[in-house]
Amino acid sequence: MQIGEVAERTNLSLRTIRYYGEVGLVVPSARSRGGFRLYTESDIERLLLIKRMKLLEFSVEDMGELLSLLDRLDEGAASGPERADLLDRLAEFESVVEERRAVLRERLTIAEEFGGRLRDQRRKYQEQAGPTGRVGQAASEETERR
């Protein structure tokens, strides 16, 4: 499939997809006769993995390392001690993901608390303003009456 369809399916911009190709994270599987980039389902899965890693603030280098590690495991080329090393490194990535998820949960809790406080403040000021619901309007009307 062409890059436009890939962009729609992954919700990534064309520029972002091209960038990931330039840095070697997801190289299009083929090109059309007209030179258009062509992607496979496997390429889309790689892009979605990269997108998830990006949300967890992994570097491009980390993304490349994980993708390479997964490729080696998928190929089945690694065996014995090498496979064990790859699985250990994969476990390290998993651990980092868990740590970053914990940080995100903490930030979400803080954001929810903040949103609740703003909501409470708005309600408080709306009650002070009366039926119009506008604090500024009530104050200026009071000033005009004087």
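We number each residue from 1, following the sequence as shown.
In summary, D71 and R46 engage in a salt bridge, as defined by a charged side-chain N under 4.0 Å from a carboxylate O. Taking 4.0 Å as the cut-off between side-chain N and carboxylate O, E127 and K124 do not count as a salt-bridged pair. Between E41 and R9 there is a salt bridge, since at least one side-chain N of the basic residue sits less than 4.0 Å from a carboxylate O of the acidic one.
Put simply, the side chain of R100 gets close to the backbone of E57: a donor and an acceptor are under 3.5 Å apart. Formation of a donor-acceptor pair under 3.5 Å by the T109 side chain with backbone atoms of R105 is found in this model. Panel note: side chain T10, backbone V6; a donor-acceptor pair is recorded below 3.5 Å.
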Run the side-chain contact (heavy atoms from CB on, under 4.5 Å) check on V26 and I44 step by step: do they pass? CA-CA 9 Å; V26 179; I44 288 175; over 6 Å; no

Chi angles and distances behind the side-chain contact (heavy atoms from CB on, under 4.5 Å) call for K54, T16: CA-CA 11 Å; K54 179 75 173 156; T16 297; over 6 Å; no

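Note that CG of D120 and OH of Y125 are 11.5 Å apart. Values are rounded to the nearest 0.5 Å. Note that the OG atom of S13 and the CZ atom of R18 stand 8.5 Å from one another [nearest 0.5 Å]. Taking CD1 of I17 as the reference point, atom NZ of K51 lies at 9.5 Å (rounded to 0.5 Å). Once rounded to the nearest 0.5 Å, the distance linking CD of E112 with CD1 of I110 reads 10.5 Å. Taking CG from L118 and CD from E113, the interatomic distance works out to 11.0 Å, rounded to the nearest 0.5 Å. Residue E94 holds its CD atom at 11.0 Å from CG of L66, rounded to the nearest 0.5 Å.
Following chains of ILVMFWY side-chain contacts shorter than 4.5 Å, one can reach L104 starting from V97, so the two form part of one hydrophobic cluster. Residues F36 and Y20 do not share a hydrophobic cluster, clusters being chains of Ile/Leu/Val/Met/Phe/Trp/Tyr side chains in contact below 4.5 Å. Using a 4.5 Å cut-off between side-chain heavy atoms of Ile, Leu, Val, Met, Phe, Trp and Tyr, with links allowed through other members, L86 and L90 fall into the same hydrophobic cluster. Following chains of ILVMFWY side-chain contacts shorter than 4.5 Å, one cannot reach L56 starting from V103, and the two form parts of different hydrophobic clusters. Each of L69 and V27 belongs to its own hydrophobic cluster when Ile, Leu, Val, Met, Phe, Trp and Tyr are linked at side-chain heavy-atom distances under 4.5 angstrom.
Using modelled atom types and a 3.5 Å distance limit, the side chains of Q121 and R117 yield no donor-acceptor pair.
At least one side-chain heavy atom of V60 sits less than 4.5 Å from a side-chain heavy atom of L25. Between Y39 and E5 the shortest side-chain heavy-atom distance does not fall below 4.5 Å. Proximity of F58 to V96: side-chain heavy atoms (C-beta onward) are separated by under 4.5 Å at one or more points. Put simply, the side chain of I50 reaches to within 4.5 Å of the side chain of L67, judged on heavy atoms. Two residues are said to be in side-chain contact when any heavy atoms from C-beta on lie closer than 4.5 Å; R31 and L38 fail this criterion.
Nearest approach of D43 to S29, heavy atoms of both residues: OD2-OG, 2.6 Å.
The environment of CD in E98 is crowded: more than 12 heavy-atom neighbours from other residues, nucleotides or ligands sit within 6.0 Å.
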